[in-house]
Amino acid sequence: MERVMEQRSTTTAYKVKMLVLTALFIALGYVATTVLMVPSPTGGYMNLGDTVVLLGAYLLGPVYGAVAGGVGPALADLLGGYGIYVPATLVIKALMGLTAAVLYQALHKKGWALIVCGVVAEAIMVVGYALFDGFLAGNLAVGLTGIPSNLVQAAFGLAASTLLALALRKSSYVRKQFPRL
């Protein structure tokens, strides 16, 4: 009986920890997305949010990383006056987080895997917003015009998240707290 109670307590503590960390990454995703909003000619904006989406995926894993990755930037769209993008951002960023986390685990958390995972996740972002912008405009060619600015955002998000993840991996404390990294 004691062992069962201890196991339940550990499971509950883990769930609480993951919910708190997910909420933290939602807030970080919101802030990173809103701290620097550079308007794009297609109606969206470039931002720093992809860095947090990818880092959250590596640290939190697929489920919690996808939730944090989708909700934080979607809140930024909602509160930043880009309400039309909320559903797309929620889905695109969650897919980015989910894909990066699953792929990172599948590649056994190698250093080079961060680049591969980031490229694949950022491709989801670039294609997702091109399709969504094309849908909004009723013309895929219009959606494709946003690709250059999304590629700039993708490159920055990939570089920054990779460098941060590599730096964090050097800390034994971080590795202990975030065994997925």
Side-chain angles (χ1 to χ4, degrees), residues 6-37 44-80 82-83 85-109 113-125 128-129 132 153-154 156-181:
E6 184 179 316
Q7 194 173 22
R8 283 186 186 161
S9 176
T10 303
T11 302
T12 301
Y14 173 79
K15 286 180 181 178
V16 169
K17 175 183 174 181
M18 292 310 292
L19 287 174
V20 169
L21 289 171
T22 301
L24 175 66
F25 270 88
I26 288 171
L28 287 171
Y30 170 81
V31 170
T33 302
T34 58
V35 72
L36 178 65
M37 295 174 114
Y45 58 92
M46 293 182 290
N47 60 75
L48 306 173
D50 286 5
T51 301
V52 176
V53 171
L54 292 172
L55 195 57
Y58 304 141
L59 294 171
L60 302 177
V63 175
Y64 296 105
V67 170
V71 174
L75 281 173
D77 281 348
L78 180 65
L79 299 174
Y82 294 90
Y85 280 92
V86 170
T89 295
L90 183 63
V91 171
I92 291 166
K93 300 296 182 167
L95 281 174
M96 284 177 66
L98 178 68
T99 302
V102 168
L103 192 54
Y104 186 61
Q105 294 300 313
L107 295 174
H108 306 291
K109 305 184 281 189
L114 293 166
I115 295 171
V116 171
C117 298
V119 167
V120 172
E122 292 293 0
I124 290 170
M125 185 270 294
Y129 282 117
F132 188 72
Q153 178 175 310
F156 183 82
L158 171 66
S161 65
T162 300
L163 292 173
L164 284 170
L166 289 172
L168 289 171
R169 283 172 55 169
K170 292 181 179 186
S171 165
S172 60
Y173 176 78
V174 171
R175 286 194 316 274
K176 181 179 177 189
Q177 296 300 314
F178 297 96
R180 287 183 168 90
L181 184 62

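Owing to the predicted nature of the structure, the values given are computational and were not obtained by experimental measurement.
- Minimum heavy-atom separation, Leu107 to Cys117: CD1-SG, 4.2 Å.
- Note: Gln153 CD to Asn47 CG = 4.0 Å, rounded to the nearest 0.5 Å.
- Glu122 CD to Ile115 CD1: the interatomic distance, rounded to the nearest 0.5 Å, is 13.0 Å.
- Pairing each heavy atom of Gly157 with each of Thr51, the nearest pair is CA-OG1, 3.6 Å.
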With a cut-off of 3.5 Å and sequence neighbours excluded, list every side-chain donor-acceptor pair involving residues 91-103.
residue : atom : partner : partner atom : Å
Lys93   : NZ   : Asp50   : OD1          : 2.2
Thr99   : OG1  : Leu95   : O            : 2.7

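- For Ala76 against Thr34, the heavy-atom pair with the smallest separation is CB-CG2, 3.5 Å.
- Within the 3.5 Å criterion, the main-chain N or O of Leu158 finds a donor-acceptor partner in the side chain of Ser161.
- Across all their heavy atoms, Leu54 and Gly118 have their closest contact at CD1-CA, 4.2 Å.
- For the pair Tyr104 and Val116, the minimum side-chain heavy-atom distance is 4.5 Å or more.
- Side-chain contact check for Leu48 versus Thr33: every heavy-atom pair is 4.5 Å or farther apart.
- Residues Ile26 and Ala68 come closest through the heavy atom pair CG1-CA, 3.6 Å.
- Looking only at distances, no side-chain donor or acceptor of Arg180 sits under 3.5 Å from a matching main-chain atom of Leu59.
- Going from atom CG of Asp77 over to atom OH of Tyr30 covers 10.5 Å, rounded to the nearest 0.5 Å.
- Under the rule for a side chain to side chain contact (heavy atoms under 4.5 Å, CB included), the partners of Ala165 that lie at least two apart in sequence or sit in another chain are Leu55, Tyr58, Leu114, Leu181.
- Listed by chain and residue number, nothing satisfies the side-chain hydrogen bond (donor to acceptor under 3.5 Å, both in side chains) test with Gln105 (two or more places apart in sequence, or in another chain).
- Side-chain contact between Phe178 and Leu168 is absent, with no heavy atoms from C-beta onward closer than 4.5 Å.
- You'll find the side chain of Leu60 reaches within 4.5 Å of the side chain of Phe25, heavy atoms only.
- Of all non-hydrogen atoms in Thr22 and Met18, the two that sit nearest each other are OG1-O, 2.7 Å.
- Residues Thr11 and Lys15 are in side-chain contact: their nearest non-hydrogen atoms beyond the backbone lie under 4.5 Å apart.
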